[in-house]
Amino acid sequence: MAATALRLLKRYEQLLSVQQPCRTVWQDIADFVIPYKANIITKRLEGAKQTDRLFDATAPHALLLLGASLNASMTPATQPWLSLAMRSEALNAIKEVQDWLEDCARRMHRAFRQSTFNQSVHELYLDLAAFGTGALFVEERPITRAGVFGGFRFQVPALGTYVIAEDAEGVVDTLFRTLTLSVRAAYAKWQEKIGREWLTKLAQKPDDPVEILHAVYPRAERAYGADGVPKRGGANMAYASCYVALQPKHKIEEGGFEEFPFMVPRWAKTSGEVYGRGPSHTALPDIATLNAAKEFILKAAPLAMWPPSLERDDSVVGELDTNPMGRNVVNGAGPIGEQLAFMDTRQRPDLRQLVLADLRQAVHAIYFTEQLILREKPDMTATEVMALQEQMQRLLGPTTGRLESEFLNPLVQRAFAIMARAGAFLPLPEALREVTRRGQADLDVEYEGPMARAQRTIELAAQDRVVGFVLAVAQGKAQFPAAEWDLLKTDKMIRDRADITGLPSDNLEAQATVDQVREARREAADNKGKLDMATQMAEAAGKVAPFMKQAGEMAGAQNGQTGRAA
């Protein structure tokens, strides 16, 4: 049974009450870290000043750096960042399948570049680093007049305008968001469905704003055909999509999506909570203290530059001149210092700068600023670069893992399904048609962005370390062939070294295979030794035979001479 407008509005209010504790913290974070999004609780007019509480730009700068680094590391605009592969290795080995998968990945990259993906995903990363939660809406543009795929439309709803709910596995599958449109924009989208009240307003004040609730949630009941396949139509898709007018309370339209159209990643999440927590939650005390200290210093600085004056009554002729090279005439006898002086305010600019430096360093550390900016130098070795990349992976590895599962995987699945339904890919290869009909064509996504490559450099480092250890052992045995080597189980040491450094097991041969290779090498060496000995014996025999012949001839000649002499 389709949900009514009142039921949807009631559920929205319930989800909003769950979000209320988060909104106060989000407002503080926005005020200090990302002011142009500080409309969560405090509603400001368009164009109004948004930096009332901001006195130091350390946190906003660190946030921008972190967001840009995530964008460039995971979904760079200048290079491909994903590839496709079948879960079956046998299918991946087929050239026709390989070519089709590569073509699909190229078409997806092209569709992303031709859309608003790059600017939208940047805003998503900023929300994620600032508030710990972000959302990206993915939908298909209308089919073109030529009947071909029209591309993607991406949109990042502002935090505070949407609420979410999870399923039993902790995956976000429900999102309600509020939209503010002009009456004429609503009419252009839904025509007469907007209702009589808004149609009247359209004729009188077409640019007046109206609020609309967009609810997307799993459809509880679906109609199926005789073959067990869900019937087609927007009202029978896996996820319901309802637009409801907040005033008056009536449903404008109900449709659906085949996949959940919102990607809702969280930076980190406390068990039992729905909304995430990010670096700004950790840095907020230091950020607030830094801004308060900066505000105090700005207010106290004039005391050091223009301290209050101390004057005897009627000692100064005229008004006190505090301008550079100002001239003040004093009355009375005695030293001028007793007539006119300036108060020592005890201001220590050096101490204030130390406090600010410590706070700024703490903020930069929480936002990984020092690790994200590679401290490169002209003579930097490949090992040093690999060590820096490994350090970045250790710091951001858990976050990238969550981003892959909550953002990139659903994004690629949604985009692939949209393009497949729109006929934007080449026809399936013959090798995939049968497994697709049987429902066995499982597709895997492999990410190739700089961060994903940095994660894989750990394997390269492990290979280098294990190979270096093997070379050291081999050189040691060749240089010092002492009996002490017999005490060491070098095979076990190499396998332990590979395991400790993180080298995948498929980089090492099985012990049985190693034993066979060594046995074959020993047999070959033995056969070569026997052949060499036989050759030497043959050569020796060849040298002895002429000698024996010559010796026999010499003996015969001597016997003949002896006989003649007799």
Side-chain angles (χ1 to χ4, degrees), residues 9 12-64 66-67 119-120 122-137 155-164 175-182 185 207-214 246-247 262 264-267 270 273-299 359 363 366-367:
L9 291 172
Y12 171 69
E13 293 297 333
Q14 293 172 344
L15 293 176
L16 189 61
S17 66
V18 175
Q19 190 190 80
Q20 286 298 336
C22 303
R23 298 171 72 88
T24 303
V25 181
W26 291 343
Q27 182 65 52
D28 289 338
I29 291 174
D31 287 338
F32 289 120
V33 179
I34 185 166
Y36 71 89
K37 295 192 176 187
N39 291 320
I40 299 171
I41 294 178
T42 303
K43 302 300 180 182
R44 295 181 174 90
L45 296 176
E46 185 174 351
K49 184 180 179 181
Q50 299 172 324
T51 56
D52 297 334
R53 302 177 64 185
L54 188 64
F55 290 89
D56 188 270
T58 301
H61 177 262
L63 175 71
L64 289 175
L66 179 56
Q119 54 265 44
S120 297
H122 177 64
E123 291 296 324
L124 173 67
Y125 289 131
L126 290 179
D127 284 351
L128 192 63
F131 308 110
T133 303
L136 179 69
F137 181 47
Q155 183 182 2
V156 177
L159 195 76
T161 64
Y162 63 87
V163 294
I164 59 176
L175 188 145
F176 286 44
R177 60 172 179 154
T178 56
L179 308 173
T180 301
L181 301 175
S182 65
D207 293 313
D208 273 8
V210 292
E211 286 192 312
I212 301 167
L213 177 67
H214 181 204
L246 294 182
Q247 288 296 337
F262 291 96
V264 188
R266 279 75 59 89
W267 183 280
T270 302
E273 294 185 351
V274 177
Y275 297 93
R277 297 176 183 268
S280 298
H281 288 77
T282 305
L284 185 57
D286 285 332
I287 296 172
T289 304
L290 176 60
N291 278 270
K294 187 71 171 288
E295 181 184 6
F296 176 79
I297 290 172
L298 291 175
K299 291 179 178 179
L359 290 171
V363 172
I366 294 173
Y367 284 101

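For reference, positions follow the sequence shown, starting with 1.
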Margin query: Exactly one of Leu15, Val264, Val163 should register a side-chain contact (heavy atoms from CB on, under 4.5 Å) with Leu175. Which one does?
Written below: Val264
Got a donor-acceptor contact below 3.5 angstrom from the [X] side chain to the [Y] backbone?
X	Y	answer
Ser17	Gln14	yes
Thr161	Ala158	yes
Thr51	Leu54	no
Asn291	Phe55	yes
Arg23	Ile40	yes
Tyr275	Ile164	yes

Notebook entry, point to check: Is there a donor-acceptor contact under 3.5 Å linking the side chains of Asp31 and Gln27?
Noted result: yes
Next item on the list: Validate the cation-pi geometry between Arg266 and Phe131: distance from NZ or CZ to the six-membered ring centre under 6.0 Å, angle to the ring axis within 45°.
Entry: no
Heavy-atom closest pair, residues [X] and [Y]:
X	Y	value
Gln155	Ser120	N-OG, 4.3 Å
Ala59	Ile287	CB-CD1, 3.6 Å
Leu66	Ala129	CD2-CB, 3.7 Å

